[in-house]
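Read through the structure below, which is laid out as structure tokens, and then see the notes.
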Amino acid sequence: MNPSTDAEKKPSPEPASAPSNFIRDAMIRDLETKKYGDAVIQTRFPPEPNGYLHIGHAKAICLDFGLADEFGGKTNLRFDDTNPEKEEQEYVDSITKDVRWLGFEWDGLYYASDYFDQLYQWAVKLIQDGKAYVDDLTAEQIRQHRGTLTEPGKDSPYRNRPTEENLDLFERMRKGEFPDGSRVLRAKIDMASPNLNLRDPVMYRILHAEHHRTGNKWCIYPMYDYAHGQSDSIERVTHSMCTLEFEDHRPLYNWFIQQLGIFPSQQFEFDRLSLTYTLLSKRKLLKLVQEKYVNGWDDPRMPTLSGIRRRGYPAEAIRNFCAAIGVSKTSGSLELAMLEHYIREDLNKRAPRVMAVLRPLKIVIDNYPEGQTEEVDAVNNPEDESAGKRKVPFSKVLYIEQDDFREDPPKQYYRLSPGREVRLRYGYFITAKSVVKNDKGEVVEVHCTYDPATRGGNAPDGRKVKSTIHWVSAAHAVDAEVRIYDKLFTKEDPNQLEDGQEFTANLNPNSLEVIAQAKLEPSLANAPVEARYQFERLGYFCVDPDSKPGRPVFNRTVALKDTWAKVEKKSEKK
RNA sequence: UGGGCCGUCGACUAAUGGUAGGUCAAGUGCCUUUGGAGCACUUUGUCUAGGUUCGAAUCCUAGCGGCCCAGCCA
């Protein structure tokens, strides 16, 4: 051995660092120029508690928490609860649970409603400075005065009210002297601005509604634009990430901060996640739940975090996915296949393998001794030796997958068929000899012979067999319900509609198939809820909370890649 | 149509005036007691036209295309 060979060896390459992005670049720059002095990076995740978090929020969460963490910074969880009519404690609870499930822990937990007093005082200051006024116009009149995309707006007749009158009216708004909708507080900016958000935006509206946290203390509530930037500022957020549609709001965000002379948080906008065959609109997801197109927010077909958790998607896989997709200002739509890849990649490493037959076909091994049972060794995870082995019972009568037998096999079909020998995984080689059919002519039973010399799956004479199929011993099988999920929508873009159609027209009628009588190997009898397995040759499955003792319910998380399905599809086309 | 933002393989995303790279998808082969996984290889891209420059995906100009904004929602 020449020692110099080792000396010349290159050091192992740096671990692939996450791809750069424009927000990280801004953080690096701001740190270098000490824009915020010695302060650490401060971010926040600001959900409105008016629905459940979904996979799109996961992208934002990973960004907010991930980027701050990368630079030794901090992240707050802040509920943007400025609209009491839509917000509920149930959503607050689900959101905190989902953020933790995803794997993140916040530094501060806040609510925009924590700042209602401060926000009110700042509004008074803006009135005193002649920067805000009470407007008596109706909502409809305000809309008419706003102008259009191409025409400037008109000043409200109340725009130049004396300061004292504004102060008085605003205080009386707060005290509850006026009915809902009768007046608003507006910022005095520019009714002719080409940016409609600057045409005297509403800061406060009157809403005699009970708030989930402040109860009946307030009957005026700040609008998003008046609350968000200042909330960031109060928390000394340095980098405030949000989605692209808020770009037009940034001048307003900055305007309030400048007028008030408070901590200069800066907003950065990125493209929201969009996935093929899925909808990520809270309004539409709510409709699916309320009108029972799905079975609740955590229906495994839903893109909600609670849905995909129940479906069996691991949090780590979601995080890997979010890291891989990057962040940019380009609006696009990601292929669902990319998400599924990261789910499979994760589960392949961690999920124990197990045998389960979804659509059972009875196999009788004619030359196997009646009443005999033996136990064969099975590997728990070929990707992970430490997962060990288990025993699986084998006997004369077995179930195999209906798909794994063809009386008249097509070309390239390697599985069981009359006269053909295949391997039963970890069991024996068997050869199909004859079939039993029912009245309809369907095969209901296949009689086979086995070769006792092939125990464990190897032939001493070295003969090969083209395929290996999975099986379950009939006498030992556990009955289970298995739920097979498919895409919730039939179109890549569920929003693509014919005239007059609603998005529900694109719902996939076959998104859920319930298999009532699947047969599982006995080791699965007491599998705990949320446990994840690979059913060999089928896919990844996890235990659903609907499971009852002795009758587990499994959800299919994602199917295995299926080369045979591709081959079949191709030959169909020919 | 006023304003804002954005155009890089089929999809997503790097390259920050100096070799257009990665992941997914697709395809081919190897391997295989999962038609799984893995491994190797391959295909496909800078919206267009000008300009600046030794050199442009990157800077400038003009087009073209897409997304967002007229809630007292966020």
Side-chain angles (χ1 to χ4, degrees), chain A residues 16 19-22 25 46-48 50 80 82-83 85-87 135 137-140 142-144 146-153 180-186 193-199 201-207 220-221 223-225 227-228 242-251 269 271 276 282-283 321 324-342 344-345 348-349 353 355 378-379 382-383 412-415 423-427 429 456-458 464-470 534-539 559-567:
Chain A
S20 177
N21 70 60
F22 68 101
D25 291 345
E48 183 189 11
N50 69 341
D80 224 331
T82 55
N83 185 355
E85 292 181 326
K86 290 186 177 171
E87 296 150 7
D135 196 343
L137 256 28
T138 64
E140 172 64 15
I142 286 179
R143 192 179 63 75
Q144 285 164 357
R146 188 153 29 226
T148 68
L149 294 178
T150 51
E151 300 156 28
D180 287 4
S182 57
R183 278 174 237 263
V184 292
L185 183 72
R186 291 229 258 171
S193 173
N195 180 346
L196 304 235
N197 294 118
L198 264 19
R199 321 247 260 226
V202 172
M203 294 164 58
Y204 273 93
R205 75 282 212 189
I206 301 173
L207 243 35
I220 56 171
Y221 290 92
M223 298 285 291
Y224 166 87
D225 281 311
H228 200 94
C242 64
T243 45
L244 252 24
E245 69 270 27
F246 291 100
E247 269 175 329
D248 284 344
H249 294 246
R250 182 163 17 103
E269 311 87 8
D271 182 41
T276 54
K282 278 205 220 172
R283 206 200 94 238
F321 167 73
I325 63 177
V327 50
S328 74
K329 293 177 83 82
T330 324
S331 11
S333 190
L334 230 67
E335 288 170 355
L336 190 58
M338 183 118 169
L339 208 209
E340 293 188 333
H341 165 80
Y342 284 91
R344 289 194 188 98
E345 177 191 66
N348 176 50
K349 281 179 284 183
R353 317 286 130 124
M355 289 196 285
V379 172
E383 303 290 320
Q412 297 183 81
Y413 183 91
Y414 306 138
R415 283 114 94 154
R423 172 167 41 232
L424 291 175
R425 178 142 238 226
Y426 303 125
F429 285 10
N458 281 308
K464 300 288 183 196
V465 73
K466 268 273 202 179
S467 86
T468 300
I469 64 177
H470 61 276
Q534 184 196 100
F535 289 0
E536 293 218 25
R537 301 207 305 131
L538 298 175
L560 250 21
K561 282 211 236 167
D562 191 344
T563 307
W564 167 243
K566 257 184 212 173
V567 171

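Chain naming here is simple, since letters A, B, ... match the order of the sequence lines and numbering starts at 1 in each.
Going from atom CG of Leu424(A) over to atom C1' of rU34(B) covers 13 Å, rounded to whole Å. Atom C1' of nucleotide rG35(B) and atom CZ of Phe535(A) are separated by 20 Å, given to the nearest angstrom. We find that CG of Leu334(A) is positioned 14 Å from P of rC9(B), with the value rounded to whole Å. Glu340(A) has its CD atom 19 Å from the P atom of rA11(B), to the nearest Å. A straight line from NZ of Lys466(A) to P of rG36(B) spans 13 Å, rounded to a whole angstrom. The nearest whole Å value for the distance from the CG atom in Leu244(A) to the P atom in rC5(B) is 11 Å. Counting to the nearest Å, the C1' atom of rU34(B) and the NE2 atom of His470(A) are 9 Å from each other. If you measure from atom CD of Glu383(A) to atom C1' of rU32(B), you get 12 Å, rounded to the nearest angstrom.
Contacts of Thr276(A) with the nucleic acid, taken as non-hydrogen atoms under 4.0 Å apart, are absent. Base contact: Val184(A) has a heavy atom under 4.0 Å from a base atom. Using a 4.0 Å heavy-atom criterion, one finds that Pro251(A) contacts no nucleic acid atom at all. Contact annotation for Asp271(A): no contact, since no heavy-atom pair falls under 4.0 Å across all strands. The residue Ile220(A) sits apart from the nucleic acid: no heavy atom pair falls under 4.0 Å. Val379(A) comes within 4.0 angstrom of nothing in the nucleic acid, heavy atoms only. Within 4.0 Å of Tyr221(A), counting heavy atoms only, lies no atom of the nucleic acid at all. If you check every strand for non-hydrogen atoms under 4.0 Å, Gly332(A) touches sugar and phosphate atoms only. No contact: Ser193(A) has no heavy atom under 4.0 Å from any strand. Among the protein residues, Gln534(A) comes within range of the nucleic acid bases, having at least one heavy atom under 4.0 Å from a base atom. Using a 4.0 Å heavy-atom cutoff across all strands shown, Phe22(A) reaches no nucleic acid atom at all. Using a 4.0 Å heavy-atom distance criterion, Glu247(A) is classed as a sugar-phosphate-only contact.
Taken from OH in Tyr414(A) to CD1 in Ile469(A), the straight-line distance is 16.0 Å, to the nearest 0.5 Å. To the nearest 0.5 Å, atoms CG (Asp271(A)) and CD (Glu245(A)) are separated by 9.5 Å. In this structure, CG on Leu336(A) lies 13.5 Å from NE2 on His341(A), to the nearest 0.5 angstrom. Considering CG of Asn197(A) and CZ of Arg146(A), their distance stands at 9.5 Å, rounded to 0.5 Å.
Rounded to a whole angstrom, the distance from the C1' atom of rC6(B) to that of rU13(B) is 15 Å. For the P atoms, the distance linking rA56(B) with rG22(B) amounts to 23 Å, nearest Å. Straight-line distance between the C1' atoms of rC64(B) and rU48(B): roughly 7 Å, to the nearest whole Å. Across the C1' atoms, rC59(B) and rG55(B) are found 13 Å apart, a figure rounded to whole Å. Between the P atoms of rA57(B) and rG21(B), the separation comes to 13 Å (whole Å). With both ends at atom P, the span from rG50(B) to rA15(B) equals 28 Å, rounded to whole Å. When the C1' atom is used for both rC47(B) and rG65(B), the distance is 7 Å, rounded to whole Å. Taking atom P in both rU58(B) and rU8(B), the straight-line distance is 13 Å, to the nearest Å.
With the nearest nucleotide of RNA chain B identified for both Asp25(A) and Lys282(A), Asp25(A) has the one nearer the 5' end.
Taking only side-chain nitrogens and oxygens, Ser328(A) comes nearer than 4.0 Å to OP1 or OP2 of rU13(B).
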Under 3.5 Å, N/O pairs linking protein and nucleotides 23-27 of chain B:
residue	atom	partner	partner atom	Å
rU23(B)	O2'	Tyr342(A)	OH	2.9
rC24(B)	OP1	His341(A)	NE2	3.4
rA26(B)	OP1	Lys566(A)	NZ	3.3
rG27(B)	OP2	Lys566(A)	NZ	3.4

Is there any protein nitrogen or oxygen under 3.5 Å from a nitrogen or oxygen in nucleotides 69-71 of chain B, and what are the pairs?
residue	atom	partner	partner atom	Å
rA70(B)	O2'	Arg146(A)	NE	3.3
rG71(B)	OP2	Arg146(A)	NH2	3.3

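Within 6.0 Å of the NZ atom in Lys466(A), the count of heavy atoms belonging to other residues, nucleotides or ligands does not exceed 12.
With respect to the salt-bridge test (charged N to carboxylate O, under 4.0 angstrom), the residues Glu247(A) and Lys329(A) qualify.
With pairs defined as Watson-Crick or G-U wobble and both atom distances under 3.5 Å, the stems of at least three pairs that touch RNA chain B come out as B:2-7 with B:64-69, B:10-13 with B:21-24, B:26-30 with B:38-42, B:47-51 with B:59-63.
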